[in-house]
Novice: 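Dropping the structure in here first, questions after.
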Amino acid sequence: MPELPEVETIANGVHARVQGQRIASVWTSGKPQTFKSPEAEISDALTGAMIESVRRVGKTIVMTLTRAGSKTDRSRIEFLIHLGMTGRLLVSSPDVPQPPHTHAILTLADHREIRFVDPRRFGRLSIHHSAAPQRTTENVERSTPHYTGPGREPLTISLGDFVALFRGRKTPIKAALLNQSLLHGVGNIYADEALFRAGIRPRRQAGRTTRAELARLRTALQTVLKRAIKLGGSSVSDYVDADGMRGYFQIEHKVYGRGREPCTNCGTPIRKIVVGGRGTHFCPTCQK
DNA sequence: CGTCCCACCTGATTGC
DNA sequence: TGCAATCAGGTGGGAC
């Protein structure tokens with residue numbers, strides 16, 4: 001379910017609700033695949049910690065925690081929440097019934113609960129460790145642990161860096177867009193929507209696109225992602241927080257989920273194919 | 001290493 | 001109507 005705009009919406013929503021709260025206790029379900037770090041480690045790291053912030057990196061929600069007593073950077077820990085396909089992160093009052101497939105509950109000092117719910121269990125919870133200060137060539141010393149994700153941020157990458165990502169790749173451009181170690185955060189919906197808006201067919205070899213096409217693609221991708229964030233993401237099923245917040249970007253989908261319907265631009269039926277094992281939608285007339 | 005394909009899960013929808 | 005097949009917004013690992 002969640003790609004960059006949905007994860008950003010959720011992270012912002014949770015941040016606004018729980019920033020500054022202390023985690024009083026932690027419960028975990030014991031379903032092994034959900035926990036990328038051992039449950040005991042997660043539980044130990046979170047219990048008693050204060051939630052400093054909740055933000056998005058790629059498709060991952062990063063909860064930064066501090067320990068009472070020591071205020072140095074070294075005491076910061078990051079709790080990573082990846083929602084997979086069906087994960088949800090809810091902030092609920094304790095009297096709201098627990099949904100099925102709840103795999104973790106962080107009970108806050110004010111008794112509200114942060115609940116991780118995930119029917120398909122493709123989501124993952126982990127603690128991010130980072131070595132003490134790291135040095136990089138372009139940066140000075142960094143004393144805060146910082147999860148940076150597997151790839152580059154689509155919203156801030158420069159044109160030059162964007163073009164370089166695809167150079168020499170034989171894989172279809174759509175598969176490259178979905179590769180999280182290149183750009184992180186782009187998923188199936190926004191890959192299709194960006195390629196449509198850029199006029200590029202999903203099966204085009206990534207390395208055979210022109211600089212001008214990639215410039216269009218970067219702009220299209222950023223436009224679509226920003227617009228979706230503004231609308232709270234796409235809700236094909238619903239997601240988000242305890243208030244049942246939904247996104248509305250799906251209203252503006254031009255190709256995703258519109259197989260056989262007419263293209264909004266030229267009327268040609270939208271075609272649905274499989275690229276890289278994923279359902280892929282495009283207009284055979286508007287995309288070259 | 002780059003690329004392809006499947007397994008990992010449950011639930012909703014499609015199709016016979 | 002009923003039941004089986006198919007599909008779903010994601011990733012990680014193994015094969016080549």
Side-chain angles (χ1 to χ4, degrees), chain A residues 1-11 29-37 56-61 80-89 99-103 116-126 147 149-151 154 164-196 202-208 221 224-225 227-229 231-240 245-261 272-281:
Chain A
M1 130 176 124
E3 305 181 32
L4 186 153
E6 293 76 36
V7 177
E8 174 118 357
T9 301
I10 293 163
S29 67
K31 293 281 181 194
Q33 337 114 88
T34 301
F35 303 92
K36 218 166 138 187
S37 305
R56 174 198 65 78
V57 174
K59 292 176 192 169
T60 299
I61 297 168
L80 306 187
I81 301 144
H82 195 294
L83 299 174
M85 292 272 263
T86 54
R88 298 194 294 163
L89 198 62
H101 307 292
T102 298
H103 293 115
F116 176 68
V117 178
D118 184 17
R120 285 179 79 180
R121 281 182 269 146
F122 289 172
R124 294 290 179 266
L125 304 180
S126 63
Y147 176 73
L165 290 181
F166 301 100
R167 201 171 288 146
R169 293 186 183 273
K170 291 191 188 159
T171 198
I173 185 76
K174 161 133 185 204
L177 283 174
L178 294 178
N179 182 342
Q180 302 294 298
S181 64
L182 301 177
L183 289 171
H184 58 204
V186 182
N188 207 31
I189 294 177
Y190 299 100
D192 281 3
E193 293 296 319
L195 286 168
F196 172 79
R203 283 207 175 115
R204 284 277 300 286
Q205 263 188 40
R208 288 195 181 167
L221 188 57
V224 142
L225 292 173
R227 174 73 182 151
I229 290 169
L231 295 185
S234 299
S235 302
V236 173
S237 60
D238 60 338
Y239 57 93
V240 164
M245 190 171 145
R246 285 166 145 267
Y248 292 95
F249 185 72
Q250 68 277 11
I251 293 164
E252 298 189 13
H253 289 176
K254 299 212 185 262
V255 288
Y256 184 83
R258 298 195 60 245
R260 308 213 287 237
E261 293 174 35
K272 186 179 176 196
I273 59 174
V274 174
V275 178
R278 313 297 305 280
T280 296
H281 315 73

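On a predicted model such as this, the values are computed, not experimentally measured, just so you know. Chain A is the first sequence line, chain B the second, and so forth, proteins listed ahead of strands; every chain is numbered from 1.
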Novice: Any side-chain heavy atom of Gln33(A) within less than 4.5 Å of one from Arg124(A)?
Specialist: yes

Novice: Contact class for Arg124(A) (heavy atom, under 4.0 Å): base, sugar-phosphate, or nothing?
Specialist: nothing

Novice: Applying a 4.0 Å non-hydrogen cut-off, can you work out what Gly277(A) is touching in the nucleic acid: base, sugar-phosphate, or nothing?
Specialist: nothing

Novice: I'd like to check, for Phe122(A), whether its ring lies over the base of dC8(B) with centroids under 5.5 Å apart and a plane angle smaller than 30°.
Specialist: yes

Novice: Using the P atom on both, measure dC7(C) against dC5(B) and round to a whole Å.
Specialist: 16 Å

Novice: To the nearest Å, give me how far apart CG (Asn188(A)) and P (dC7(C)) are.
Specialist: 14 Å

Novice: For atom P, what is the distance between dG14(C) and dC9(B), given to the nearest Å?
Specialist: 16 Å

Novice: Can you tell me the distance, in whole Å, between the CG atom of Leu125(A) and the P atom of dT11(C)?
Specialist: 15 Å

Novice: Taking 4.0 Å as the cut-off, does a side-chain nitrogen or oxygen of Lys59(A) come that near to OP1 or OP2 on dG10(C)?
Specialist: yes

Novice: Could you tell me the separation between the CE atom of Met85(A) and the P atom of dA7(B), rounded to a whole number of Å?
Specialist: 15 Å

Novice: Using a cut-off of less than 4.0 Å, is there contact between a side-chain N or O of Thr86(A) and OP1 or OP2 of dG11(B)?
Specialist: no

Novice: Measuring only between side-chain heavy atoms, which start at C-beta, is Arg260(A) closer than 4.5 Å to Lys272(A)?
Specialist: no

Novice: Which listed nucleotide (dC4(B), dT10(B), dT11(C)) is nearest to the side chain of His101(A)?
Specialist: dT10(B)

Novice: Students often get this wrong, so: under 4.0 angstrom with heavy atoms, is Lys31(A) touching a base, only sugar-phosphate, or nothing?
Specialist: nothing

Novice: What is the distance from atom CG of Leu225(A) to atom CD of Glu3(A), rounded to the nearest 0.5 Å?
Specialist: 8.5 Å

Novice: Output the rounded distance in Å from CG (Leu178(A)) to C1' (dC6(B)).
Specialist: 16 Å

Novice: Measuring to OP1 and OP2 of dG10(C), would you say a side-chain N or O of Arg120(A) lies under 4.0 angstrom away?
Specialist: no

Novice: According to the Watson-Crick and G-U wobble definitions, with both distances under 3.5 Å, which nucleotide is paired to dG2(C)?
Specialist: dC16(B)

Novice: Pro119(A) side chain: which of dT3(B), dG10(C), dG11(B) is closest?
Specialist: dG11(B)

Novice: Taking side chain as C-beta onward, heavy atoms only, is Glu193(A) less than 4.5 Å from Lys254(A)?
Specialist: yes

Novice: What nucleotide, of dT11(C), dA8(C), dT3(B), holds the atom closest to the side chain of Gln180(A)?
Specialist: dT11(C)

Novice: Grab the CZ-P distance between Arg88(A) and dT10(B) for me, whole Å please.
Specialist: 17 Å

Novice: Output the rounded distance in Å from CG (Leu80(A)) to C1' (dG10(C)).
Specialist: 16 Å

Novice: Are any non-hydrogen side-chain atoms of His101(A) and Asp118(A) less than 4.5 angstrom apart?
Specialist: no

Novice: Starting at atom CG of Asn179(A), determine the distance to atom C1' of dG13(C), rounded to an integer number of angstrom.
Specialist: 14 Å

Novice: Are any of His82(A)'s side-chain N or O atoms less than 4.0 Å away from OP1 or OP2 of dG10(C)?
Specialist: no

Novice: From dG10(C), dC4(B), dC8(B), pick the nucleotide closest to the side chain of Gln33(A)?
Specialist: dC8(B)

Novice: For Leu4(A) and Tyr190(A), run side-chain contact (heavy atoms from CB on, under 4.5 Å): C-alpha distance rounded to whole Å, both residues' side-chain angles, the deciding distance at 0.1 Å, then the answer.
Specialist: CA-CA 9 Å; Leu4(A) 186 153; Tyr190(A) 299 100; over 6 Å; no

Novice: Using a cut-off of less than 4.0 Å, is there contact between a side-chain N or O of Lys272(A) and OP1 or OP2 of dT6(C)?
Specialist: no

Novice: Rounded to whole angstroms, how far apart are CG on Leu182(A) and P on dG2(B)?
Specialist: 9 Å

Novice: If you go through the side-chain atoms of Arg121(A), does one of them form a donor-acceptor pair with the base of dC9(B) closer than 3.5 Å?
Specialist: no

